[in-house]
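From a predicted model like this one, the values you see are computed outputs, not experimental measurements.
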Amino acid sequence: PEIEQYAKTLGIQEKCIFVGAVHNRDIIRGYFTLSDLFLFPSSFDTNGIVVREAAACGLASMLIAGSCAAEGITDGRNGILCEENAESAAKAMRFACKNPQVLREIGMHAMQEIYISWETAVRAAYDRYAEIDALHRAGAYKERRVPLDSVYGTLAELIKEFNRWRSLPTRKKEKADAQKGDALDE
């Protein structure tokens, strides 16, 4: 509400669409594919999924240089980086507006270089937790007094969720469809 009020104060409310929280992946994909640039000028957010979702749609992101969200981003290659100030952000957006073809190329590089599938991300997390578990069992963490019960409880829940996700009927159908496609390609 505060941002909507601010847009009214600036007289730009007619040029802004405030959709609220969107959970439908098809609608989110639609927004990304209709956009020219994803602005994520946050120095407080983690390396979140939204930048990867934009990349999956071939959409370049503008991020704060040195932020967690900008991890893995090379300015002008697979994203646009700016400093954490209005002047730098405005300069980056002017560049984007004046260079739509370059922006599309950056989006394509983002798709090829920073996008990772959900399955790949879950597999990497799963493997990392297995590595941590093995280190713990080998005694690597004996010196530390860390309440690992909650960590292991969370790990067990993640593993259960991962296994549940892999066995979903739609997941099985997607896998079967992909295998059919591979067979047709041969």
Side-chain angles (χ1 to χ4, degrees), residues 1-129 131-132 144 146-147 150-151 154-155 158 161:
E2 294 88 7
I3 294 173
E4 289 183 54
Q5 184 56 47
Y6 186 57
K8 285 181 186 174
T9 303
L10 294 174
I12 61 170
Q13 73 273 12
E14 299 300 319
K15 297 180 180 191
C16 300
I17 301 170
F18 296 96
V19 298
V22 177
H23 302 286
N24 182 311
R25 289 171 42 175
D26 291 328
I27 292 173
I28 294 170
R29 187 179 306 117
Y31 286 137
F32 281 139
T33 56
L34 289 172
S35 299
D36 297 313
L37 180 64
F38 178 57
L39 305 177
F40 197 63
S42 173
S43 58
F44 299 104
D45 287 281
T46 61
N47 189 344
I49 193 170
V50 291
V51 174
R52 280 16 184 205
E53 288 174 330
C57 296
L59 179 62
S61 295
M62 185 193 82
L63 309 153
I64 303 294
S67 68
C68 288
E71 194 174 292
I73 302 299
T74 301
D75 187 36
R77 171 75 188 167
N78 56 15
I80 296 177
L81 301 177
C82 66
E83 297 303 316
E84 192 175 5
N85 61 63
E87 296 79 23
S88 182
K91 182 180 175 185
M93 286 186 272
R94 277 194 298 276
F95 169 82
C97 290
K98 291 179 181 177
N99 297 284
Q101 182 56 40
V102 172
L103 203 56
R104 283 189 288 281
E105 290 171 16
I106 292 171
M108 289 299 106
H109 289 144
M111 183 188 297
Q112 296 162 356
E113 298 169 9
I114 68 166
Y115 167 72
I116 59 171
S117 70
W118 176 248
E119 188 170 50
T120 300
V122 170
R123 172 55 55 199
Y126 184 87
D127 291 346
R128 179 66 178 136
Y129 284 125
E131 181 182 326
I132 291 168
R144 297 182 190 175
V146 180
S150 64
V151 172
T154 302
L155 175 59
L158 282 170
E161 184 61 23

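- Atom CZ of Phe44 is separated from atom OG of Ser67 by 10.5 Å, given to the nearest 0.5 angstrom.
- For the atom pair CD (Glu53) and OH (Tyr31), the distance works out to 14.0 Å, reported to the nearest 0.5 Å.
- Within a 6.0 Å radius of CZ in Phe18, other residues, nucleotides and ligands contribute more than 12 heavy atoms.
- Looking only at side-chain heavy atoms (C-beta outward), Pro41 and Leu63 stay at 4.5 Å or farther from each other.
- When all heavy atoms of Ala70 and Ile64 are compared, the pair lying nearest together is CB-O, 3.3 Å.
- Surrounding CD of Glu71 are at most 12 heavy atoms belonging to other residues, nucleotides or ligands under 6.0 Å away.
- Between the CE atom of Met108 and the CD atom of Glu113 there is a distance of 11.5 Å, given to the nearest 0.5 Å.
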How far apart are the C-alpha atoms of Arg123 and Asp127, what are their side-chain angles, what is the distance that settles it, and do they pass the side-chain contact (heavy atoms from CB on, under 4.5 Å) test? CA-CA 6 Å; Arg123 172 55 55 199; Asp127 291 346; 3.4 Å; yes

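- More than 12 heavy-atom neighbours from other residues, nucleotides or ligands sit within 6.0 angstrom of CD1 on Ile12.
- For the residue pair Cys57 and Arg29, the shortest heavy atom distance occurs at SG-CG, 3.6 Å.
- The OG1 atom of Thr9 sits 12.0 Å away from atom CD1 of Ile3, with the distance rounded to the nearest 0.5 Å.
- Two residues are said to be in side-chain contact when any heavy atoms from C-beta on lie closer than 4.5 Å; Asp75 and Ile80 meet this criterion.
- The two residues Leu37 and Met62 come nearest to each other via the heavy atoms CD1-N, 3.9 Å.
- Taking all atoms of both residues into account, the shortest heavy-atom contact from Asn78 to Ile73 is OD1-CA, 3.3 Å.
- Looking only at side-chain heavy atoms (C-beta outward), Pro100 and Arg104 come within less than 4.5 Å of each other.
- Remark: side-chain polar atoms of Ser42 are paired, donor with acceptor, to backbone N or O of Asp45 under 3.5 angstrom.
- Evaluation of the ring-ring contact (aromatic ring centres under 6.0 Å, His included) rule for Phe38 yields Phe32, Phe40 as partners, not counting sequence neighbours.
- No more than 12 heavy-atom neighbours from other residues, nucleotides or ligands sit within 6.0 angstrom of CD1 on Ile17.
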For residues 85-98, which side-chain donor-acceptor pairs fall under 3.5 Å, sequence neighbours excluded?
{"from": "Asn85", "atom 1": "OD1", "to": "Glu87", "atom 2": "N", "distance (Å)": "3.3"}
{"from": "Asn85", "atom 1": "OD1", "to": "Ser88", "atom 2": "N", "distance (Å)": "2.7"}
{"from": "Ser88", "atom 1": "OG", "to": "Glu83", "atom 2": "N", "distance (Å)": "2.7"}

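- From Ile106, atom CD1 reaches atom CE of Met111 across 14.0 Å, with rounding to the nearest 0.5 Å.
- Residue Thr74 holds its OG1 atom at 11.0 Å from NE2 of His109, rounded to the nearest 0.5 Å.
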